[in-house]
Every structure is written in structure tokens, then in C-alpha cells.
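First up is the structure itself, then whatever we jot down about it.
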Amino acid sequence: MPRPIHARIERAALQHNYRLAKRLAPQAQAWAVVKANAYGHGIAFAAEALGGEADGFALLDLAEAVALREAGIRQPILLLEGFFTDDDLELVLTHDLTPVIHRADQLATLARRLQARADPQAPAQAVYLKVNTGMNRLGLDPAELPALLAQIAAQPCFAPATLMTHFAEADGGRGIDWQLARWQALQQQLLGVPAVGKGPCSLANSAALLRYPATHADWVRPGIMLYGGSPFAETSAAALGLRPVMSLCSEIIGVQTVPAGERVGYAGLFVAERPTRVGIVACGYADGYPRHAPGGTPLLVDGQRSTTLGRVSMDMLACDLTHLPAAGIGSPVTLWGEGLPADAVASAAGTISYELFCALARRVPVRVV
Ligand SMILES: *Cc1c(COP(=O)(O)O)cnc(C)c1O
């Protein structure tokens with residue numbers, strides 16, 4: 001008998017969320033962002049659930065891109081960090097992947113490789129050029145763009161480049177206007193460059209897609225919203241019309257009734273102030289539950305709200321059953337998901353739902369429904 005923990009992953013919820021993204025950005029095509037093993041939900045699951053309808057898939061691990069092709073995905077696949085070595089380029093060409101070029105030397109490397117290609121019938125290579133408009137992480141200086149675009153336009157082995165940028169604070173108070181101003185200045189500059197037409201553009205992550213329709217452009221790049229997480233601290237996923245895709249489910253495997261004054265768990269972080277019925281849940285940090293979630297983090301027992309008590313262990317955590325007399329051994333527990341937004345758990349633990357999803361441990365069996 002395996003431990004009674006599993007992640008329930010719902011195909012229809014992912015499809016619902018993707019369709020919502022499409023409805024909200026009706027003029028744009030939408031990359032389904034499936035990096036990090038589809039935010040912990042499984043790349044094969046994402047391919048299976050969205051293969052029939054996604055306009056394209058965006059990720060950064062070459063092995064995951066190949067896995068998508070092997071799963072039969074024929075749509076465009078965008079490599080968000082481009083390629084890392086010359087060997088990667090073989091796979092980029094073989095599997096018809098679209099690299100994001102974020103350094104000028106990557107374009108030169110790619111151009112050399114394309115020119116050396118024996119096959120004159122090969123289709124033109126699609127590329128994205130990532131412009132740094134203020135994230136200051138990856139991306140080309142806007143001043144580099146005219147020359148790079150001219151290079152691309154001069155070489156028939158390239159399809160017209162798509163320009164992209166990434167917002168640093170679309171979910172927060174500073175917003176996007178300051179980045180958009182830099183982006184628009186670049187567009188103006190490019191209009192004045194001969195032989196460089198305005199190609200397609202891609203700007204919006206989930207937060208921008210939801211909050212700033214003016215950024216939808218040609219391709220949006222929703223990630224977290226596909227999995228039913230809200231990108232906004234102050235707006236719930238449900239209020240955005242999103243459905244949770246992953247539910248982390250376990251059971252009560254032990255019950256202790258402790259008198260006032262007793263402590264529970266490592267370091268005795270929970271001290272009972274009154275007689276307390278403590279439920280022990282088969283879920284710990286080795287399953288991906290955050291160890292830094294403090295006592296008081298919400299969970300569901302038998303569908304009813306309760307809270308964690310004390311410190312999260314490797315394989316177990318404790319919760320309060322005092323107000324749930326009918327709950328006991330075998331009662332189902334939801335750590336997050338259906339009925340309890342991952343965002344609520346993440347917020348209690350000082351993180352974001354992205355991290356909870358991505359941290360789901362390999363040892364947790366997945367049930368796709
Ligand atoms: C991860 C990522 C996204 C998706 O971001 P969400 O906040 O999950 O919607 C979009 N664009 C790029 C470049 C990314 O790296």
C-alpha cells in the first residue's frame with residue numbers, strides 16, 4: 001500500500017484556463033507556457049490536454065521540447081532561454097524549435113549553423129528577439145535591435161523575427177507603463193530603419209494578459225493562469241474565472257489528543273493552550289509542501305477548513321481536528337487545490353503558487369482526471 005498522498009491533476013481545468021486566456025486576448029495567439037515540467041503538472045499531461053488546441057508551447061528545457069515533439073506536438077515550440085551550446089542547435093533544427101535570441105552572439109552562431117546546413121529546401125528558421133526593457137535579466141539592448149533585425153532580414157534562412165519583451169511588475173503597483181514607454185520608443189526607432197518592417201510582437205505574461213489588454217499584441221504568453229494560480233496578491237484565481245488544475249491530496253494517518261501544555265512536532269513549535277485533537281497528515285516537505293509554512297497555514301479535512309500546527313516534517317505535518325470531531329484516521333485532506341486555493345497556502349507560507357506547483361516532489365503519484 002503506497003502512502004495515501006497523490007496529486008490530482010484535472011485536464012478539463014487546464015483546458016478551461018487556456019480557453020479563458022484565448023477569450024481574454026481574442027486577437028492574439030497564445031503560447032501555453034509549460035516550462036518547469038508544466039509548472040510541476042507534467043509536460044506529457046500538458047501536451048495531452050492542450051495538444052489539440054494550443055497555438056504553441058513555450059518552455060526552456062531542450063529535453064522537454066523534444067518530449068513535446070515525441071508526444072506528437074506539431075505546433076511551434078518556443079525556447080524561452082534560447083540555446084546554450086552548439087550541440088543544442090542540432091536539436092533546435094531537427095525538431096523545428098523557435099529559439100529566443102537574447103544575446104547578439106547567439107544570432108551569429110545560429111546564422112553560421114543555418115548557412116552550413118546542407119538542405120536548401122529547409123524552411124526558414126523562426127526566431128524571437130528578446131529586448132530588455134527594464135527587467136534587466138535577459139535581453140538585448142534596444143540599441144542593438146536595428147542591426148540585428150537588418151541581419152535577419154538580409155538572410156533568407158531566417159523567417160521574419162518576432163520581437164518580445166518581458167514585464168517585471170505587471171502584477172504589482174508599478175505596472176507596465178514605464179516598460180511600455182521604452183518598448184514604444186524602440187518601435188518608433190525601428191520604423192525609421194529601412195528593410196526592417198514591423199514584425200510580430202509578444203509581451204504579455206499572465207498578469208499583463210489579465211490586466212493590460214493593450215499588451216496583447218500578436219502572441220500572449222500565459223503561464224500561471226493556465227494552472228489556476230492568480231498572478232495578483234490581491235485578486236483570487238476564482239475571481240479571475242480560473243480553475244485549479246492541481247490538488248495535493250492526502251489523508252489523516254494518526255490522531256493524538258493532547259492536554260493543554262503539550263507541544264507538537266519538532267522544536268515543539270506548537271504549544272497546546274487547551275486540550276487539542278491533533279491530526280497527522282501524510283504530507284511533508286519531501287512531498288513538496290513548504291517547510292517554511294508556519295503553523296496556522298490553511299488546509300481542508302473532510303472538505304472543512306482547518307490549519308496546520310507546528311513545524312512541517314519531512315513526511316508528515318500536523319493539523320487541528322479539535323473543531324472536527326467526525327474527522328479521524330482516513331479522513332481526506334486537501335493541502336491545496338479544489339476548495340483551497342494554492343495562492344492562500346502560498347501566501348501563508350510567504351511564497352507564490354508558482355513555487356508550490358513547481359516543487360511537487362517526484363515521489364508524489366499523479367492522477368490525471
Ligand atoms: C515564465 C514566463 C512567462 C509566463 O509567466 P506567468 O507569470 O507564469 O504567466 C511568460 N514569458 C516568459 C519569458 C516567461 O519566462
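We count ligands from 1, going down the list as the structure has it; atoms in each ligand are counted the same way.
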### Query
Strictly under 4.0 Å, does any heavy atom of W31 approach an atom of ligand 1?
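No, W31 has no heavy atoms under 4.0 Å from ligand 1.
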#### Entry: Under 4.0 Å to a heavy atom of Y39 - the qualifying atoms of ligand 1, by number
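Per the distance check, 1 (C), 4 (C), 5 (O), 6 (P), 8 (O).
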### Test applied, side-chain hydrogen bond (donor to acceptor under 3.5 Å, both in side chains); reference residue, T165; option that passes from N132, T133, T215
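Among N132, T133, T215, the one that satisfies the side-chain hydrogen bond (donor to acceptor under 3.5 Å, both in side chains) with T165 is T133.
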### Task
Check the angle between the aromatic planes of Y128 and W31 and answer parallel, tilted or perpendicular using the 30° and 60° thresholds.
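Ring orientation of Y128 relative to W31: perpendicular.
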### Message
Ring-plane angle category for F357 and H41, please: parallel below 30°, perpendicular beyond 60°, tilted otherwise.
### Response
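Rings of F357 and H41: perpendicular, as their planes differ by over 60°.
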Which protein heavy atom lies closest to [atom], and at what distance to 0.1 Å?
{"atom": "atom 9 (O) of ligand 1", "result": "S206 OG, 2.5 Å"}
{"atom": "atom 14 (C) of ligand 1", "result": "K35 NZ, 3.0 Å"}
{"atom": "atom 7 (O) of ligand 1", "result": "Y354 OH, 2.6 Å"}
{"atom": "atom 12 (C) of ligand 1", "result": "H166 CE1, 3.3 Å"}

### Task
Could you list the residues that satisfy salt bridge (charged side-chain N to carboxylate O under 4.0 Å, His left out) with R174, not counting sequence neighbours?
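Residues passing salt bridge (charged side-chain N to carboxylate O under 4.0 Å, His left out) with R174: E169.
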### Query
Excluding sequence neighbours, so at least two apart, what forms salt bridge (charged side-chain N to carboxylate O under 4.0 Å, His left out) with E273?
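None.
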### Message
Testing the 3.5 Å rule here: is there a donor-acceptor pair between the side chains of S353 and D343?
### Response
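On atom types as modelled, these side chains qualify, holding a pair under 3.5 Å.
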### Query
Among T165, N205, I224, whose heavy atom sits nearest atom 5 (O) of ligand 1?
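It is N205 whose heavy atom sits nearest to atom 5 (O) of ligand 1.
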### Message
Heavy-atom distances under 4.0 Å decide this one: backbone, side chain, both or neither, for R221 against ligand 1?
### Response
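Looking at R221 and ligand 1, atoms from backbone and side chain both fall under 4.0 Å.
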### Message
Taking distance alone, with N or O pairs closer than 3.5 Å, would you say K130 contacts ligand 1?
### Response
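No: no nitrogen or oxygen of K130 is under 3.5 Å from one in ligand 1.
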### Query
Purely on distance, is any nitrogen or oxygen of M164 under 3.5 Å from one on ligand 1?
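Checking ligand 1 against M164, no N or O pair falls under 3.5 Å apart.
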### Message
Is there a continuous path of hydrophobic side-chain contacts, each under 4.5 Å between heavy atoms, that joins L59 to V220?
### Response
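L59 and V220: separate clusters.
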